[in-house]
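Written out below as structure tokens is the structure these notes cover.
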Amino acid sequence: MTNARQLVWFRSDLRTLDHPALYQARQQGEVLAAFVITPAQWQQHGWGALKTAFVLHNLAALQQQLQTLNIPLKILQLQTFAETPAALLQLAQQHQVSNLLFNDEYEWNEQQRDQQVEQVFLSSGIAVQRFTDQLLLPPGSLLTGKGEAYSVFTPFWRRWLQALPTAKLHPLPEPQPQHPGQLTTDPLPVLPQHPALHLWPAGQAAALQRLQDFSGQRLMAYQQQRDFPALDGTSSLSPWLAVGALSVRQCLAAALHVSHGQISDKNTGPGCWVSELVWREFYRNLLLAFPRLSRGRTFKPETERLPWRSLNNSKVQRDLQAWQSGQTGFPLVDAAMRQLLATGWMHNRLRMLTAMFLSKHLLIDWRVGEAFFMQHLVDGDLASNNGGWQWAASTGTDAVPYFRLFNPYSQSQKFDPQGDFIRNWLPELAHLDHKAIHQPPVDKMDLFGSSNYPQPIVDLKMARDRVMAAFESLRSSP
DNA sequence: TCCCCGTTGAC
DNA sequence: TCAACGGGG
Ligand SMILES: Cc1cc2nc3c(=O)[nH]c(=O)nc-3n(C[C@H](O)[C@H](O)[C@H](O)COP(=O)(O)OP(=O)(O)OC[C@H]3O[C@@H](n4cnc5c(N)ncnc54)[C@H](O)[C@@H]3O)c2cc1C
């Protein structure tokens, strides 16, 4: 048994630290690692160039780290998930593997793929071992009184807090190096470049460094600072969490460390931050329990009938393009969209604002915005992105009530009071003071060079009335 | 993880 | 004229 060869299939868990499948495999025998590149599938999932590049650069970092452990990495270059089971099995048989080990993923297509992989391996006499990795607590371990998945966050959070003290959540160490074997590591594909990639250094070492930097003053002040996009109030760890260069247990351990092992509510910096990790957890559980979410359906069935404005209409097309390019005439919305385009990341407060602006004020189908985010985000993640969009569009479970509309000007005054964030991303408005910048006066004569900043593309009162009416129409009609 | 609008009462 | 507040969406 100890010499039996173990195949560890890496997916969205590109690290060697705290890796359940890798750690267990190393205990069981000689480890061979594999990664499957499926560009056509990734494209179908709406990944953008930046996210794809980030994944591949993290793969390169993983390869290096595995080399220090004498673990060879095989790379299968395919197109889709459909080809994966056969190709992976061939690899396994070629190298006389006795066990396949991998960490679970929760999206529908990924689940289907993994089920097929498991079947072909089992019927070829290769054992399959699956591990919980992305979730702190295994799915299904937290259920409502009725034995169902939670669809409301607050009770989920309460149960989660109850379960925390007895859960085994210590990060696993990196496995010991193994004796060098005969198998060789495959060459990497050419690594794509992207202008924003330098903002997101690949690999677990960079991720841990950021976690460390965050886990002091900033974590303590998180609850006070996290809503102000001009501050460095949040961790910016989402890209590494999304590709698994960092584990959620490593994050939790850091938070527990600064809060002396205790998290009892979300009224402290660490407690509040952990509650955000649990939101991630909540959305992953939802995606697993409700497969329709992976297939573009709304959580609330009646909201499928919302009368979104048609993209065949050229005015609607122009509104969409204005939103996408940061030219809506609402400064904080535009600054946020330009942050997304330039960096591949956007502050949470602004994701909520821009998502609500598109789906509510412009009354454009949230799925269009969801796809656009996925195309540009470096941390693009189906569960969290879909969860966030359905939250903002009020089509989700435990979403914002449809009438609780953000006003882009009030949000701007509240959360960017000095206008620093706007000034940073909209140079054409940089001359305006903290009072004027939220709602710039018309600069007809181009005295300040801001005449090319657009006028608001929509009247807020009209937009508000329109979206309220749209939601209210759901009640009366069948 | 909200905003709007009408009312009230102090000036 | 304006802050404070409550109801409603
Ligand atoms: C419309 C919309 C789309 C979103 N799309 C994504 C996405 O594609 N990928 C993604 O990772 N997050 C997404 N989020 C959630 C959230 O905005 C980001 O996780 C967060 O902004 C990342 O920044 P951070 O790492 O500094 O977060 P921190 O505040 O430091 O939080 C720590 C971690 O907790 C998790 N987290 C925080 N807030 C949330 C949340 N509201 N929901 C789920 N997880 C959360 C993230 O993994 C994050 O890295 C979306 C939110 C909205 C409203």
Side-chain angles (χ1 to χ4, degrees), chain A residues 150-158 160-161 221-231 233-235 238 265-283 286 299-300 302-303 305-307 328 330-333 336 346-363 366 369 373 383-417 421 435 438-439 456 458-477:
Chain A
Y150 282 95
S151 55
V152 182
F153 179 74
T154 304
F156 179 79
W157 165 243
R158 282 205 208 99
W160 191 91
L161 278 179
Y222 180 75
Q223 200 194 7
Q224 287 83 31
Q225 311 229 43
R226 67 181 176 133
D227 263 324
F228 300 95
L231 308 179
T234 71
S235 70
S238 49
D265 54 59
K266 49 174 119 164
N267 300 325
T268 63
C272 185
W273 194 60
V274 167
S275 82
E276 296 299 334
L277 297 176
V278 175
W279 268 103
R280 173 178 172 280
E281 194 99 346
F282 176 67
Y283 284 138
L286 272 184
F299 187 91
K300 289 190 194 138
E302 72 276 16
T303 59
R305 293 186 285 111
L306 280 166
T328 66
F330 294 91
L332 190 56
V333 172
M346 194 196 287
H347 189 278
N348 180 245
R349 168 65 43 188
L350 303 176
R351 296 191 203 206
M352 296 192 290
L353 175 64
T354 54
M356 198 176 287
F357 186 81
L358 184 79
S359 58
K360 301 279 177 63
H361 291 100
L362 298 183
L363 202 65
W366 59 274
F373 267 33
S384 298
N385 194 35
N386 185 274
W389 275 94
Q390 295 223 44
W391 179 88
S394 304
T395 60
T397 178
D398 208 8
V400 64
Y402 71 89
F403 47 78
R404 204 173 284 177
L405 218 56
F406 289 4
N407 178 313
Y409 296 136
S410 340
Q411 289 284 307
S412 189
Q413 278 153 359
K414 266 198 218 168
F415 299 113
D416 190 26
F421 184 84
K435 287 199 181 115
H438 307 288
Q439 188 172 356
V458 70
D459 177 73
L460 289 182
K461 171 142 173 47
M462 180 282 291
R464 186 184 167 85
D465 293 346
R466 179 171 65 184
V467 69
M468 297 277 191
F471 273 89
E472 272 149 28
S473 77
L474 297 180
R475 283 196 256 165
S476 43
S477 61

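These values consider heavy atoms only, across backbone and side chains, with no hydrogens, waters or symmetry-generated copies.
Residue A:Arg349 has its side chain nearest to B:dT1 when only B:dC4, B:dT1, B:dC5 are considered. Distance from the side chain of A:Asp227 is smallest for B:dT1 among the nucleotides C:dG9, B:dT1, B:dC5.
Distance A:Met468 CE to B:dC5 C1': 12 Å, rounded to the nearest Å. Distance, A:Lys461 NZ to B:dC5 C1': 9 Å, rounded to whole Å. With rounding to whole Å, A:Lys360 atom NZ is found 12 Å from B:dC3 atom P. Atom-to-atom, CG of A:Asp398 to C1' of B:dT1 comes out at 12 Å; the value is rounded to the nearest Å. Between the CZ atom of A:Phe403 and the P atom of C:dG6 there is a distance of 18 Å, given to the nearest Å. Between the C1' atom of B:dC2 and the CG atom of A:Leu332 lies a distance of 15 Å, rounded to the nearest Å. Atom CZ of A:Phe406 and atom C1' of B:dC2 are 7 Å apart (whole Å). Taking atom NE2 of residue A:His361 and atom C1' of nucleotide B:dC4, one finds them 12 Å apart after rounding to whole Å.
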- request: Begin from the C-alpha positions of A:Asn386 and A:Trp366 and carry the test side-chain contact (heavy atoms from CB on, under 4.5 Å) through to its verdict.
  value: CA-CA 9 Å; A:Asn386 185 274; A:Trp366 59 274; 3.6 Å; yes
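A:Tyr409 and A:Phe330 have tilted rings, their planes meeting at an angle from 30° to 60° on a 0 to 90° scale.
In this structure, A:Arg404 reaches the B:dT1 phosphate: one of its side-chain N or O atoms is under 4.0 Å from OP1 or OP2. For B:dC4, the OP1/OP2 oxygens have a side-chain nitrogen or oxygen of A:Asn407 closer than 4.0 Å. OP1 and OP2 of B:dT1 both lie 4.0 Å or more from every side-chain N or O belonging to A:Gln411.
In this structure, CG on A:Asn385 lies 8.0 Å from CZ on A:Arg351, to the nearest 0.5 angstrom. Of the inter-residue distances, the one linking A:Leu231 atom CG with A:Phe415 atom CZ reads 12.0 Å to the nearest 0.5 angstrom.
Backbone-only engagement by A:Lys414 is indicated by non-hydrogen atom pairs under 4.0 Å involving sugar-phosphate atoms exclusively. Using a 4.0 Å heavy-atom criterion, one finds that A:Tyr402 contacts the sugar-phosphate atoms exclusively. Note on A:Trp391: nothing from the nucleic acid sits closer than 4.0 angstrom, heavy atoms only.
The main-chain N or O of A:Ser384 is never found under 3.5 Å from a side-chain atom of A:Arg280 such that the two would form a donor-acceptor pair.
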